[in-house]
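Data block below; observations after.
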Amino acid sequence: MQYDRIDARILEIVQKNNRLTSEVIGEMAGLSPTACQRRLKRLRSEGIIEADVSIVSPKAVGRPIQMLVLVSLERERSDIIDRFKKAIKSSAEVVNGFYVTGDADFVLYITARTMEDYEQFTRRFFYENSDIKGFKTMVIMDRVKAGFAVPIEPPPDDN
């Protein structure tokens, strides 16, 4: 997966606002709309752009309780890890899931309507899973920053 300086500029632009037209993005990046569309298509097909999403306010859609949960597995075996990854992907309550190093095996970002709903989720998702050794919940008091923007470094010149 390679990208050049123009691709880097396009990536900076679409991370801030992916609803801009190819005409506007092209103008900002110094390209024609057609060339911009071609580059965007390639960036998506190569997996450099993974998804085009909108960031939704959990509170606005009735899920004001937000948590970060540190999960430790009973054993670190590939089949157990793969099974838990699959469970994360199929759970609507888990907004983001990360397989990590350190004190925990996974970090999950979870939303819920109420603490009672979260308790029911923990019974179903954690307590009924014999692969889980334990979990620690941290309730989020305030979401200070939300986004997926990654700093884009232009590639070095080929000179």
Next item on the list: Provide the closest heavy-atom pair for Q37 versus S22 in the form atom of the first, atom of the second, distance.
Entry: CG-OG, 3.0 Å
Margin query: Has D7 got a side-chain atom pairing as donor or acceptor with D4's backbone, closer than 3.5 angstrom?
Written below: yes
Next item on the list: Might you confirm whether atom CG of D52 has over 12 heavy atoms from other residues, nucleotides or ligands at distances under 6.0 Å?
Entry: yes
Checklist line | side chain to side chain contact (heavy atoms under 4.5 Å, CB included) assessment of Q2 paired with E46 | finding: CA-CA 9 Å; Q2 298 227 340; E46 290 181 3; 5.8 Å; no
Next item on the list: Report the distance from atom OG of S72 to atom CG of D103, rounding to the nearest 0.5 Å.
Entry: 8.0 Å
Next item on the list: Mind listing the closest non-hydrogen atom pair of R143 and I140 along with its distance?
Entry: N-CG2, 4.1 Å
Checklist line | Rounded distance [0.5 Å steps], OG in S78 versus NZ in K85 | finding: 9.5 Å
Next item on the list: Look up atom CD in E153 and atom CG in L11, then write down how far apart they are to the nearest 0.5 Å.
Entry: 12.0 Å
Checklist line | Test log, rule side chain to side chain contact (heavy atoms under 4.5 Å, CB included), inputs S57 and V61 | finding: CA-CA 7 Å; S57 164; V61 295; over 6 Å; no
Next item on the list: Rounded to the nearest 0.5 Å, what's the gap from CD1 on I13 to CE on M28? Could you check?
Entry: 4.5 Å
Notebook entry, point to check: When rounded to the nearest 0.5 angstrom, what is the spacing between CD in E12 and CD1 in I25?
Noted result: 12.5 Å
Item checked: Y109 vs T111 side-chain heavy atoms within contact, under 4.5 Å -> yes
Note to self: Strictly distance-based, threshold 3.5 Å: is any side-chain N or O of S90 a donor or acceptor partner for the main-chain N or O of K86?
What the structure shows: yes
Next item on the list: Specify the closest pair of heavy atoms between A112 and D117, including all atoms of both residues, with the distance to one decimal.
Entry: CB-CB, 4.5 Å
Note to self: Nearest 0.5 Å, please: how far is CD in E119 from CZ in R123?
What the structure shows: 4.5 Å
Notebook entry, point to check: Do any N or O atoms from the side chain of Q15 and from the backbone of V150 form a donor-acceptor pair under 3.5 angstrom?
Noted result: yes
Notebook entry, point to check: With ILVMFWY side chains joined below 4.5 Å, transitively, what does I65's cluster contain besides itself?
Noted result: M67, V69, V71, L73, I80, I81, F84, I88, V94, Y99, F106, L108, I110, M115, Y118, F121, F125, F126, Y127, I132, F135, V139
Check: Is the CD atom of E23 crowded by more than 12 outside heavy atoms at less than 6.0 Å?
Finding: yes
Check: Would N17 and V24 satisfy side chain to side chain contact (heavy atoms under 4.5 Å, CB included), going step by step from the backbone distance to the final call?
Finding: CA-CA 11 Å; N17 184 352; V24 173; over 6 Å; no
Checklist line | Non-hydrogen atoms of I152 and P154 that approach each other most closely | finding: O-CD, 3.6 Å
Checklist line | R113 atom CZ: more than 12 heavy-atom contacts under 6.0 Å | finding: no
Checklist line | For the student: nearest non-hydrogen atoms of I10 and A29, plus distance | finding: CG1-CB, 4.0 Å
